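Read the structure below first, then the notes.
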Amino acid sequence: MTQNTILLIILAAIIALMMAFFQYYYKNKNRSKTNLLLTFLRFLSIFSLFVLLVNPKIKSNTIENIEPILNVLVDNSKSITYANEQDKINTFVKQIKGDSDLNKKFDINYYAFSDDLYTQDTFWFNDSQTNIVNPLQKLQALHKDNIAPTILITDGNQTQGANYAYYKSKNPIYTVVVGDTLQYDDLKISQINVNSYANLNNNFPVEVFVQYNGDKTINQNFTVSQNGNVVFKKLLTFSDSKSSQKIQFNLNANAVGVQNYSCSVTTLANEKNTVNNRKNFSVEVVNEQAEILVLSTVNHPDIGMLKRSISSNKQHKIVIENNLNKDYKYKEYQLVILYQPNNKFNKIFKDIETAKAHMFIITGPDTDWNFLNNVQPFFTKNYVSKKENYVPIFNTEYDEFITEDIQFSEFTPLKGFFGEVKFNVPHKTILYQSILNFETENPLLATFSVDGRRGAILLGSDIWKWRMQSHLQQNSFQQFDNFFNKLIQYLSSTRKYDRLEIEYQPFNYANQDIVIKAQFFDATYVFDNSASLVLSLTNKSTNENTKIPFTLKNNHYEVVFKDLKPGDYSFSVQTEDRTTTKYGSFSVLSYDIEQQLTTANATDLKLLAASSDGYSAHIYKTELLIEKLLQENRYKTIQKSKQQIQSLIDWKWLLALTLLSLTLEWFIRKYYGKI
């Protein structure tokens with residue numbers, strides 16, 4: 001309490017005493033014990049009321065013991081069941097729960113993971129995918145300010161996500177290897193690289209990786225077939241020193257539509273897992289190609305990103321030029337990308353306006369906004385000379401084409417001038433700006449349309465870092481390139497869109513969710529979020545038919561099928577009034593990716609433990625791991641002192657004491673006839 005508060009309490013006591021004395025002793029000659037008791041009760045009630053009015057604050061210190069956190073992270077995927085290791089894991093978890101020393105030293109939290117993280121201490125081992133990096137990242141974010149080592153119990157086989165072997169963790173990770181660590185002879189198709197689109201009557205490249213685990217020299221046939229016909233064949237030779245091969249070949253796109261292919265490599269005589277000897281892929285053959293022109297006067301890594309990302313879709317052809325004085329035939333290009341325009345682009349903008357060409361403007365620190373505001377009629381920016389970093393925030397309501405959040409908020413900020421953009425034409429925002437963790441309604445990436453022309457503006461440079469960061473997160477450029485090429489496809493397309501658009505994967509595995517997306521537009525080609533769409537699914541072999549309505553999800557409609565049996569399916573998407581219908585087909589393959597990983601990945605788990613300063617052990621030998629956790633001096637209970645400030649007005653007993661003293665005084669006076 002402060003000195004002023006103490007003085008006020010003393011003053012309150014003096015006033016209360018004077019008032020009580022005045023009531024019962026001033027001009028009153030009766031000095032009985034009853035009057036003395038009444039005087040005390042009156043003093044107590046008045047003093048209590050005054051103290052409540054002063055409301056002093058009392059400080060108190062409490063000591064809190066904070067135990068280090070121990071996270072027990074258990075692989076809940078089907079691969080544990082296939083390896084018949086679920087009982088050993090449950091026994092080990094029970095051992096941890098029953099270890100009094102371990103529970104005394106740590107605050108233990110139990111989690112399950114597959115492709116995500118779940119809080120639970122019982123496990124069913126029935127999930128269909130495994131991503132080890134994702135739950136480790138979430139745990140690190142959850143305990144970023146705490147001492148929190150992790151016991152990771154898994155076979156180390158992941159089916160998606162980045163490589164976890166060198167994951168940098170702030171806290172140590174103790175890996176417990178589950179499953180058989182012996183290596184068996186195996187031959188598998190590990191990866192197929194092929195573009196999603198190909199142009200009619202053109203050859204398209206295919207790249208296939210085949211891996212061999214064994215020490216003998218073998219010769220095996222590799223074949224690619226379509227509709228039962230072999231379209232490519234090659235004899236492969238493997239040995240202990242030549243354990244993998246990359247097969248590159250071209251196939252002819254001779255028919256429009258989705259073309260399905262099957263790759264296979266002949267099995268070994270003693271091969272334990274033969275399902276991974278076959279893999280399928282598909283290519284959509286189209287009879288059109290968009291040619292895109294990129295104009296820039298600055299050398300920047302973004303230009304290389306544009307080339308690589310756009311070229312990843314063979315439906316797009318990109319031309320990069322820095323000669324702005326050349327007379328370009330803009331009508332021959334489906335899209336013109338203007339990178340950080342300045343006053344040298346004056347003729348370019350006039351020619352584009354004359355040709356009514358689609359355009360995509362990318363701005364940045366080298367953009368001349370005075371020039372850009374005056375040279376085109378679509379938007380203006382009230383800018384200042386200060387440069388700013390813009391973090392992207394995905395707009396889930398964007399509906400010009402189907403797109404999804406690819407974790408934009410985790411991407412590196414883009415650079416540009418500070419200021420607000422105002423559009424003079426109808427526009428829709430894909431990405432908003434976040435500045436210093438403050439989300440704004442200013443667009444970072446937006447599209448606009450006027451008089452049949454389409455355009456877009458990206459208000460920041462260094463988008464090349466987004467592509468690299470996406471690769472680090474996904475171990476592939478595919479996710480970012482898909483997003484960027486959808487934007488390019490939308491801007492460059494000259495065809496009139498159908499009112500009903502559908503999107504789906506032609507090949508799916510039996511352990512995957514099968515997602516069919518749809519967009520429906522009204523007569524003015526504005527996304528209709530009140531439409532009623534119905535999907536009718538037919539199993540081609542059994543003719544079994546299922547009807548299910550679509551559900552609205554942000555900027556599109558969606559149907560998700562779980563646990564569909566392997567086979568070929570056809571479907572139709574129809575509006576409620578049956579005026580618009582779209583058809584499609586897909587295959588469900590009897591390939592459970594979790595079942596293909598028959599050997600525990602002890603090598604990467606040891607690397608993960610070593611890189612985080614942890615320890616690795618097999619589930620049969622966990623005693624040393626537990627002993628290391630108990631003896632480790634890094635994990636100590638921390639005492640924290642907390643200062644609590646409590647107002648006296650919160651003390652309910654003080655109010656009760658005041659009421660009690662007033663009540664007693666009234667009853668005593670009533671009893672003795674003083675009222």
Side-chain angles (χ1 to χ4, degrees), residues 195-200 227 253 255-260 280-290 313 315 397-404 428 447 449 454 482-483 485-508 512-562 564 567-589:
N195 293 309
S196 300
Y197 297 92
N199 289 297
L200 183 64
N227 298 325
V256 174
V258 177
Q259 306 299 316
N260 299 325
N280 300 313
F281 68 92
S282 64
V283 174
E284 184 174 354
V285 179
V286 295
N287 196 14
E288 62 177 13
Q289 186 179 39
N313 185 342
Q315 199 177 358
E397 303 299 323
Y398 184 81
D399 57 15
E400 286 297 297
F401 56 88
I402 298 175
T403 186
E404 293 179 344
K428 292 186 178 181
T447 59
S449 178
R454 288 177 177 163
N482 284 346
F483 163 78
N485 276 290
K486 281 184 179 181
L487 173 63
I488 298 300
Q489 179 72 22
Y490 167 77
L491 294 173
S492 62
S493 179
T494 56
R495 70 181 177 88
K496 188 176 180 180
Y497 274 77
D498 294 332
R499 290 185 60 185
L500 179 61
E501 298 284 345
I502 59 175
E503 182 180 296
Y504 63 96
Q505 293 294 330
F507 287 113
N508 304 270
Q512 292 179 325
D513 291 344
I514 297 162
V515 182
I516 299 175
K517 300 177 182 178
Q519 279 187 314
F520 184 72
F521 302 90
D522 62 20
T524 60
Y525 287 90
V526 174
F527 177 68
D528 186 353
N529 61 6
S530 60
S532 295
L533 303 179
V534 178
L535 183 139
S536 180
L537 181 72
T538 303
N539 187 317
K540 292 183 179 180
S541 60
T542 64
N543 290 324
E544 181 181 353
N545 185 269
T546 303
K547 289 189 176 182
I548 184 170
F550 280 82
T551 56
L552 180 64
K553 185 177 181 181
N554 298 327
N555 65 342
H556 64 273
Y557 295 91
E558 187 175 281
V559 166
V560 180
F561 289 100
K562 295 180 180 290
L564 274 182
D568 296 323
Y569 294 83
S570 63
F571 68 90
S572 64
V573 180
Q574 197 171 66
T575 56
E576 189 177 30
D577 58 7
R578 299 185 179 182
T579 57
T580 307
T581 306
K582 275 289 183 76
Y583 299 93
S585 62
F586 61 86
S587 298
V588 178
L589 308 176

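The first residue in the sequence is number 1, and the count goes up from there. In this text, all values refer to a predicted model and were calculated from it rather than measured experimentally.
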Atom [atom1] of [X] and atom [atom2] of [Y]: how far apart are they, to the nearest 0.5 Å?
X	Y	atom1	atom2	answer
Leu491	Ile488	CG	CD1	6.0 Å
Thr546	Leu537	OG1	CG	5.5 Å
Asn280	Asn508	CG	CG	11.0 Å

Just jot down the ring pair (Phe, Tyr, Trp, His ring centres under 6.0 Å) partners of [X], sequence neighbours excluded, or say none.
X	value
Tyr398	Phe401
Phe281	Tyr261
Tyr583	none

Only counting residues at least two apart or in another chain, list the ones meeting side chain to side chain contact (heavy atoms under 4.5 Å, CB included) with [X].
X	value
Asn482	Gln478
Thr575	Phe520, Leu533, Asp577, Thr579, Thr580
Glu503	Ile402, Lys486, Lys517
Thr551	none

Taking side chain as C-beta onward, heavy atoms only, is [X] less than 4.5 Å from [Y]?
X	Y	answer
Val258	Asn260	yes
Phe571	Ile502	yes
Thr581	Val573	no
Ile516	Phe586	yes

Taking side chain to side chain donor-acceptor pair (under 3.5 Å) as the definition, give me every residue that meets it alongside [X], ordered by chain and number, with sequence neighbours left out.
X	result
Ser532	none
Asn545	Ser536, Thr538
Asn529	none
Thr403	none

Please find the pair of heavy atoms, one from [X] and one from [Y], that lie closest to each other, and give the distance.
X	Y	answer
Leu500	Ala518	CD1-CB, 4.4 Å
Asp513	Lys562	OD2-NZ, 2.9 Å
Thr447	Leu487	CG2-CD1, 3.9 Å
Tyr504	Gly584	OH-CA, 3.5 Å

Within the side chain of Arg454, is there an N or O that forms a donor-acceptor pair under 3.5 Å with the backbone of Tyr490?
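Pair found, side chain donor or acceptor close to backbone of Tyr490.
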
N/O donor-acceptor pair under 3.5 Å between Tyr557 side chain and Val534 backbone:
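Not at all, since once roles are kept as given, no pair shorter than 3.5 Å links the two residues.
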
Side-chain donor-acceptor pair present, Asp528, Ser530, cut-off under 3.5 Å
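The answer is yes; a qualifying pair exists.
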
Who are the salt bridge (Lys or Arg N to Asp or Glu O under 4.0 Å) partners of Glu544, not counting sequence neighbours?
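If we apply the salt bridge (Lys or Arg N to Asp or Glu O under 4.0 Å) test to Glu544, skipping adjacent residues, there are no hits.
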
Count the heavy atoms of every other residue, nucleotide or ligand shown that sit under 6.0 Å from NZ of Lys540, and state whether that count exceeds 12.
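Buried by this count: over 12 neighbours within 6.0 Å.
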
